[in-house]
There are 2 protein chains.
Amino acid sequence: MEYTVHELARLAGVTSRTLRYYDEIGLLKPGRLSESGYRLYGPREVDRLQQILFYRELGVDLETIKQIVHSPSFDELKALRQHREQLLEKRRHLDALIANVEKTIGAKERGIMMSDKEKFAAFKERLMEENEQKYGEEIRQKYGEEQVNRSNEKLRNMTKEQFDEAEKLSKDVLEALKEAMLSGDPGGEAAQRAADLHRQWLSFWWDHDSKEAHAGLARLYVEDERFKAYYDRVHPGAAEFLKEAILIYTGMKDR
Amino acid sequence: MEYTVHELARLAGVTSRTLRYYDEIGLLKPGRLSESGYRLYGPREVDRLQQILFYRELGVDLETIKQIVHSPSFDELKALRQHREQLLEKRRHLDALIANVEKTIGAKERGIMMSDKEKFAAFKERLMEENEQKYGEEIRQKYGEEQVNRSNEKLRNMTKEQFDEAEKLSKDVLEALKEAMLSGDPGGEAAQRAADLHRQWLSFWWDHDSKEAHAGLARLYVEDERFKAYYDRVHPGAAEFLKEAILIYTGMKDR
DNA sequence: ATAAACTTTGACGCAACGTGAAAGTAAAGA
DNA sequence: TCTTTACTTTCACGTTGCGTCAAAGTTTAT
């Protein structure tokens, strides 16, 4: 079954412009072109679009989606399971907002004061939700619910100074990683410095201050498409390179 | 209790840039300025920001939010109740997406085919949600919660043929309006035909099959900037002209 | 007194399209 | 078979809601 632009747009609830834009940026190419140059979408493209719409619903930017779905190691079933978990998390956030607005209504009806902090408690979670969208799901699967909640708790209690320091470290990691890749040696000084910066960054979120945990997360970086895509923006292969650097740094290279 | 930009940004989980931008566009002005020109936000602004964040969460554009919260008839408690309803609706949409991804997972695991329509069923609702975001809030405040929900219910139950017919009627209205304006006479045959086409179009969305409701909506067309802008694209003054035509058509001209 | 953090205004850049134009193709209607 | 309508192509400008940077001033901490 093949669809034209208009037909697929109607089927999926997007616009024709969206599909042409996705073609233009290489996110979703038509299966084939007709003799006249019309885009025609087949079953593979239909499934691909469904995945894309899930990622979009979860707020992932299009460039990242592109890298994820185009990865040779992309696992559709695994991705669907991840979508499900993140949609559930998104619903929990929405539940918090609904609880907050109900609390606000109740307070107003009874003439009871709500603290300013209470008024924004649910919106404040957005910061964590965005963090969650970037990393939470994978860490949750690998290291369990408790660790992620502890990371979020840490974030909630973090001062702006600490948050900014973590952000700066995050950027430093990327910069150091870029420089280290020029040398090509994951065991070299530059790469080891990137691994150390990464450890410092990690300490903002994690209690697992062990080499094992650090190394395990590093392995996750190439296993999961989103981490891979995030680091590979520095340079293709950066995620793999960082993993190697961290394995050497933690002494876990040969285990 | 007064907050600086930075303090309020942290409290609410937004950025300082966001607050300055909201000041710039007149959406959220600080309560007062310090001697040095620093923005200071008081309790009224805190409550206003909470409302704004609810609207933003619901995807309402900032210009619309501005018009709503600055309206003399703005009712905070009523707005909070509406937020609650719409957040619940948003959760239902999310529930549908979660059910859809679970269905997709189940189908893949069992090697069962899902129809292309099923794959996008939950995303298709986005069309209605966006319609809601564009017009629902205003119509809701003007004509109440129930009418908007009935419009959405009608849309949800509409066949593709009916939707297309409504779309075609929408275009017919614009075409007829364009022709009628050439005559310049809102009471003339051409203008009255445009008013009748509009009534036919309206019947797809509304239960209020009364002249009063039709006339009231017509008045809204020139009072509200978005409706005005939409019709004035045909020709400057088209919204006013259509209002006049509908008032004559419904016999409500002199009331 | 100095440094760091925060503030002001101004301004350019960006993502993800919407919208319009000009010209060609496919499908439906007379 | 011709005409009309609907859809297609590519190209290109516009929009929203900020992010980010710069330059200079103010407030707070050391």
Side-chain angles (χ1 to χ4, degrees), chain A residues 2-30 32-41 52-53 55-57 59-66 126-127 130 159-165 167-168 171 233, chain B residues 2-30 32-41 52-53 55-66 126-127 130-131 133-134 160 164-165 167-168 171-172 174-175 225-226 229-230 233-234:
Chain A
E2 276 183 332
Y3 299 98
T4 64
V5 162
H6 180 65
E7 288 167 346
L8 184 56
R10 299 189 64 89
L11 179 72
V14 300
T15 65
S16 301
R17 178 72 185 102
T18 296
L19 293 178
R20 293 191 185 98
Y21 181 61
Y22 287 4
D23 182 6
E24 179 186 331
I25 65 176
L27 174 57
L28 179 70
K29 291 289 190 185
R32 71 181 183 90
L33 300 181
S34 74
E35 279 189 8
S36 319
Y38 277 32
R39 297 169 177 85
L40 297 172
Y41 298 87
I52 291 169
L53 294 185
Y55 282 116
R56 233 183 50 167
E57 180 68 31
V60 182
D61 68 287
L62 298 184
E63 181 57 34
T64 301
I65 300 175
K66 177 183 171 184
R126 178 181 297 277
L127 196 67
E130 284 167 4
T159 68
K160 166 162 167 60
E161 292 75 17
Q162 287 171 315
F163 183 78
D164 283 358
E165 191 181 339
E167 282 286 285
K168 186 176 182 304
K171 292 192 171 82
R233 281 188 295 177
Chain B
E2 278 184 330
Y3 298 99
T4 63
V5 161
H6 179 60
E7 289 167 346
L8 183 57
R10 299 186 63 88
L11 179 72
V14 300
T15 66
S16 302
R17 178 72 184 103
T18 296
L19 292 178
R20 293 189 186 99
Y21 182 60
Y22 286 3
D23 183 6
E24 178 186 331
I25 65 174
L27 175 58
L28 179 71
K29 292 288 192 185
R32 70 182 184 89
L33 299 181
S34 76
E35 280 188 9
S36 318
Y38 276 34
R39 296 169 177 86
L40 295 173
Y41 297 86
I52 291 169
L53 294 185
Y55 281 116
R56 234 183 50 169
E57 179 67 31
L58 294 164
V60 182
D61 68 286
L62 299 184
E63 181 58 35
T64 301
I65 300 175
K66 179 182 170 184
R126 181 181 298 275
L127 195 68
E130 284 167 4
N131 179 62
Q133 283 167 8
K134 280 180 178 177
K160 166 174 161 50
D164 285 353
E165 189 180 340
E167 285 283 284
K168 185 175 181 308
K171 291 193 171 83
D172 288 345
L174 293 184
E175 277 304 309
E225 292 310 319
R226 257 118 10 104
Y230 177 78
R233 283 188 295 178
V234 166

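Below, read A as the first sequence line, B as the second, and so on, with proteins coming before strands; counting in each chain starts at 1.
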Expressed in angstrom and rounded to an integer, what is the separation of [X] atom [atom1] from [N] atom [atom2]?
{"X": "A:Tyr41", "N": "D:dC7", "atom1": "OH", "atom2": "P", "value": "16 Å"}
{"X": "B:Glu24", "N": "D:dG19", "atom1": "CD", "atom2": "P", "value": "13 Å"}
{"X": "A:Arg56", "N": "C:dA16", "atom1": "CZ", "atom2": "P", "value": "10 Å"}
{"X": "B:Tyr21", "N": "C:dT8", "atom1": "OH", "atom2": "C1'", "value": "19 Å"}
{"X": "B:Leu40", "N": "D:dT27", "atom1": "CG", "atom2": "C1'", "value": "12 Å"}
{"X": "A:Asp23", "N": "D:dT9", "atom1": "CG", "atom2": "P", "value": "8 Å"}
{"X": "B:Arg17", "N": "C:dC12", "atom1": "CZ", "atom2": "P", "value": "13 Å"}
{"X": "A:Tyr22", "N": "C:dA15", "atom1": "OH", "atom2": "C1'", "value": "11 Å"}

- Between B:Thr4, B:Leu28, B:Leu27, which is the residue that forms a side chain to side chain contact (heavy atoms under 4.5 Å, CB included) with B:Leu19?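 In the set B:Thr4, B:Leu28, B:Leu27, the residue that makes a side chain to side chain contact (heavy atoms under 4.5 Å, CB included) with B:Leu19 is B:Leu28.
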- Base, sugar-phosphate alone, or nothing: which one does A:Arg20 contact when heavy atoms must sit under 4.0 Å apart?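 It contacts base atoms.
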- Message: So B:Ile25, base contact, sugar-phosphate only, or nothing? Heavy-atom distance under 4.0 Å.
- Response: nothing
Taking only side-chain nitrogens and oxygens of [X], does any of them come within less than 4.0 Å of OP1 or OP2 of [N]?
{"X": "B:Ser36", "N": "D:dG25", "answer": "no"}
{"X": "A:Thr15", "N": "C:dG18", "answer": "yes"}
{"X": "A:Arg39", "N": "D:dT10", "answer": "yes"}
{"X": "B:Thr4", "N": "C:dT7", "answer": "yes"}

- Item | Given DNA chain C, 5'-ward residue of the pair B:Val5 and A:Leu62, judged by closest heavy atom | B:Val5
From [X] [atom1] over to [Y] [atom2], what is the distance, rounded to the nearest 0.5 angstrom?
{"X": "B:Arg39", "Y": "B:Arg20", "atom1": "CZ", "atom2": "CZ", "value": "6.0 Å"}
{"X": "A:Ile52", "Y": "A:Lys66", "atom1": "CD1", "atom2": "NZ", "value": "11.0 Å"}
{"X": "B:Asp23", "Y": "B:Thr18", "atom1": "CG", "atom2": "OG1", "value": "12.5 Å"}
{"X": "A:Thr15", "Y": "A:Tyr21", "atom1": "OG1", "atom2": "OH", "value": "12.0 Å"}

- A:Tyr38 or B:Ser34, whichever maps to the more 5' nucleotide of DNA chain D: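 Result of the comparison: A:Tyr38.
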